[in-house]
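Structure first, then comments.
When reading the values below, keep in mind they use all heavy atoms of this one structure, side chains included, and skip hydrogens, waters and symmetry mates.
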Amino acid sequence: MAASASGDAFEGVAAELDYPMLIATTSADGESTGCLVGFATQVSLQPARFLVCLSDKNYTHAVATRASHLAVHYIAADQVELARLFGEQTGDVINKLARCDWRLAADGLPVLTGAECWFAGPIVQVVPFGDHTGFVIEPDRGAAPERSAQLLSSLQVRSLEPGHGA
């Protein structure tokens, strides 16, 4: 693929990538919230570390900057409505957790009961990345079935309207 004269080759390639989508939840100072996340990856084996990037315009970002822990939920391909709730709505306006099933973990972290695959842990590093902030967690608990369902991917939620602009 040749780079275009306008320099948008990266945007063209990135639009074709199909990342798994996840929902990050957190809690701080009595506020619990979450959001749909498309930028996330494992960054270390020993110790286990996982990077979750949150938009700095997102309500969840504001809470996460005060939080000690973060939970990461992978959702199945047939859970588009859950993705719609956490991707199209904003915690500035509604309480997303009031509209889905979840439980409170011992440390006050909200865990979505509808997510078959999830893990959580303390935030061990925070790194600014342009319009997103990276939260590195050290997973210390979670659930993973022996064989999980097909996970929701970014191409499946391309039509969602974000709760906040880029």
Side-chain angles (χ1 to χ4, degrees), residues 14 17 19-76 79-144 148 151-154 157-158 160-166:
L17 298 175
Y19 299 104
M21 299 301 292
L22 58 91
I23 295 172
T25 58
T26 193
S27 182
D29 305 324
E31 295 177 82
S32 295
T33 189
C35 66
L36 189 66
V37 174
F39 302 145
T41 190
Q42 182 176 353
V43 293
S44 176
L45 293 171
Q46 291 296 325
R49 298 277 167 88
F50 193 85
L51 172 69
V52 177
C53 296
L54 302 178
S55 169
D56 61 11
K57 294 165 187 60
N58 194 302
Y59 179 77
T60 303
H61 177 277
V63 176
T65 60
R66 297 179 277 119
S68 62
H69 289 71
L70 198 68
V72 175
H73 308 80
Y74 282 89
I75 53 177
Q79 293 180 295
V80 175
E81 288 307 310
L82 190 59
R84 185 176 309 284
L85 171 63
F86 282 90
E88 289 189 331
Q89 302 299 320
T90 174
D92 296 317
V93 177
I94 70 161
N95 178 350
K96 295 180 227 180
L97 292 170
R99 298 177 183 212
C100 67
D101 295 326
W102 61 283
R103 66 177 176 79
L104 197 60
D107 57 8
L109 195 62
V111 175
L112 302 178
T113 56
E116 193 173 68
C117 301
W118 68 274
F119 54 88
I123 298 168
V124 296
Q125 189 174 4
V126 178
V127 183
F129 293 120
D131 61 1
H132 281 66
T133 300
F135 295 84
V136 179
I137 67 168
E138 188 171 303
D140 61 7
R141 63 190 179 280
S148 63
L151 299 177
L152 186 69
S153 70
S154 59
V157 297
R158 185 176 276 177
L160 296 184
E161 293 293 328
H164 284 281

Does the side chain of [X] reach to within under 4.5 Å of the side chain of [Y], using non-hydrogen atoms?
X    : Y    : result
I23  : L85  : no
F129 : L54  : no
F135 : V37  : no
D131 : K57  : yes
V111 : H73  : yes
L109 : R141 : yes
C35  : K96  : yes
I137 : F119 : yes

If you compare all heavy atoms of [X] against all heavy atoms of [Y], which two are closest, and at what distance to 0.1 Å?
X    : Y    : answer
Y74  : A115 : O-CB, 3.9 Å
I123 : A67  : CD1-O, 3.7 Å
D140 : G121 : OD1-CA, 3.6 Å
L36  : G87  : CB-CA, 3.6 Å
A24  : T60  : O-CG2, 4.4 Å

Nearest 0.5 Å, please: how far is [atom2] in [Y] from [atom1] in [X]?
X    : Y   : atom1 : atom2 : result
Y59  : N95 : OH    : CG    : 8.0 Å
Q89  : T33 : CD    : OG1   : 11.5 Å
H69  : T26 : NE2   : OG1   : 9.0 Å
Q125 : R49 : CD    : CZ    : 7.5 Å
F86  : E81 : CZ    : CD    : 13.0 Å

Is there a donor-acceptor pair under 3.5 Å between the side chain of [X] and the backbone N or O of [Y]?
X   : Y    : answer
S44 : A48  : no
T25 : P110 : yes
Q79 : G114 : yes
T41 : F50  : no

Stepwise side-chain contact (heavy atoms from CB on, under 4.5 Å) test for N58 and D92: CA-CA 8 Å; N58 194 302; D92 296 317; over 6 Å; no
Please determine whether side-chain contact (heavy atoms from CB on, under 4.5 Å) holds for the pair T65 and V126, giving the CA-CA distance in whole Å, both sets of side-chain angles, and the decisive distance to 0.1 Å. CA-CA 8 Å; T65 60; V126 178; 5.8 Å; no
